[in-house]
Amino acid sequence: NAGVMQNPRHLVRRRGQEARLRCSPMKGHSHVYWYRQLPEEGLKFMVYLQKENIIDESGMPKERFSAEFPKEGPSILRIQQVVRGDSAAYFCASSPINLAQNTGELFFGEGSRLTVL
Amino acid sequence: GQNIDQPTEMTATEGAIVQINCTYQTSGFNGLFWYQQHAGEAPTFLSYNVLDGLEEKGRFSSFLSRSKGYSYLLLKELQMKDSASYLCAVRDGDYKLSFGAGTTVTVRA
């Protein structure tokens, strides 16, 4: 019974390159959330997706960042033309149904740590 | 905006009790959560409060006062493995969790 799987766990990119982070939710979960965590800061909400739909991307920068959750395959967080300020841990979480309908427990992956040189 | 405050660090002795306070000012309220996060690992769910009062789960308890915008997480009979960061989070709508910066608890022998 695998949990939320994220890869890569660590990613190093040079400024201007692209970063792609993948997240496979827990089996049976159809809701995916991406959060960013900077050192000494809390988890910051970026985007909430259901299969083939972006529900809320209010926390995601308008430029260079995009997210998808296709019908088949993992959710992808894509960062184009990375800059040093993008260096952070990116966490994916999943839930089985809309959180309003249950206690709201999110199941987190172990994160992808992006370092931009 | 959301404002969730918790102490940055706390230190306690093995076997002791530690209380981590969290105050919040959010545009809405639909539940308060506590998560535990060991360094380099995934946050894991500890507790959920939506009504005022105390929720007890083994060595961990969480308290909520909605009128005061206040919660605490109580860790009893501390063990070395409890050394971790503890994250307070508020759900202000249907799904979005806003997190505090976390409290790093260090348990000493």
Side-chain angles (χ1 to χ4, degrees), chain A residues 2-10 23-26 29-50 53-60 88-113 115, chain B residues 1-10 20 22-51 53 55 57 60 62 64 71 73 84-104:
Chain A
V4 177
M5 303 300 292
Q6 289 189 247
N7 69 84
R9 291 292 309 279
H10 300 275
C23 169
S24 295
M26 283 184 70
H29 288 193
S30 58
H31 299 245
V32 166
Y33 313 78
W34 285 93
Y35 282 79
R36 178 162 67 176
Q37 187 175 43
L38 292 167
E40 312 305 324
E41 294 187 19
L43 290 157
K44 303 293 185 191
F45 170 81
M46 297 182 74
V47 61
Y48 164 41
L49 310 105
Q50 296 176 22
N53 284 307
I54 296 175
I55 306 303
D56 181 347
E57 56 183 349
S58 60
M60 200 157 65
Y90 293 84
F91 285 90
C92 171
S94 71
S95 68
I97 52 177
N98 189 308
L99 293 188
Q101 299 172 35
N102 66 0
T103 61
E105 179 179 355
L106 290 184
F107 296 81
F108 281 87
E110 297 199 334
S112 292
R113 281 150 185 83
T115 301
Chain B
Q2 320 295 42
N3 193 18
I4 300 169
D5 290 317
Q6 49 182 131
T8 304
E9 293 179 334
M10 301 183 76
I20 306 168
C22 172
T23 58
Y24 62 90
Q25 291 175 309
T26 55
S27 54
F29 182 83
N30 191 17
L32 187 139
F33 302 79
W34 285 94
Y35 281 79
Q36 181 191 60
Q37 185 180 23
H38 286 97
E41 297 184 11
T44 54
F45 171 79
L46 286 179
S47 69
Y48 166 74
N49 296 70
V50 68
L51 300 176
E55 295 282 341
K57 237 191 216 183
F60 293 2
S62 57
L64 174 66
S71 172
L73 179 69
S85 183
Y86 292 86
L87 314 177
C88 174
V90 173
R91 185 170 67 196
D92 61 4
D94 286 345
Y95 51 82
K96 191 184 298 183
L97 291 187
S98 297
F99 284 83
T103 299
T104 300

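Within every chain, numbering begins at 1; the chains are lettered A, B, ... in the order of the sequence lines, protein sequences first and strands thereafter.
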Side chain, backbone, both or neither: which part of A:Gln37 has an atom under 4.5 Å from a heavy atom of chain B?
side chain
With a 4.5 angstrom heavy-atom cut-off, which part of A:Tyr35 approaches chain B: side chain, backbone, both or neither?
side chain
Can you tell which of A:Leu49, A:Leu106, A:Val4 makes a side chain to side chain contact (heavy atoms under 4.5 Å, CB included) with A:Ser94?
A:Val4
If you count the non-hydrogen atoms of other residues, nucleotides and ligands that lie under 6.0 Å from CE in A:Met5, is the total more than 12?
no
Counting heavy-atom pairs under 4.5 Å to chain A, which of B:Ser85, B:Gly31, B:Ala42 comes out on top?
B:Ala42
Tell me every residue that passes side-chain contact (heavy atoms from CB on, under 4.5 Å) with A:Asp56, counting only those two or more places apart in sequence or in another chain.
A:Phe45, A:Tyr48, A:Ser58, B:Tyr95, B:Lys96
Residues forming a side-chain hydrogen bond (donor to acceptor under 3.5 Å, both in side chains) with B:Gln6, sequence neighbours excluded
B:Thr103
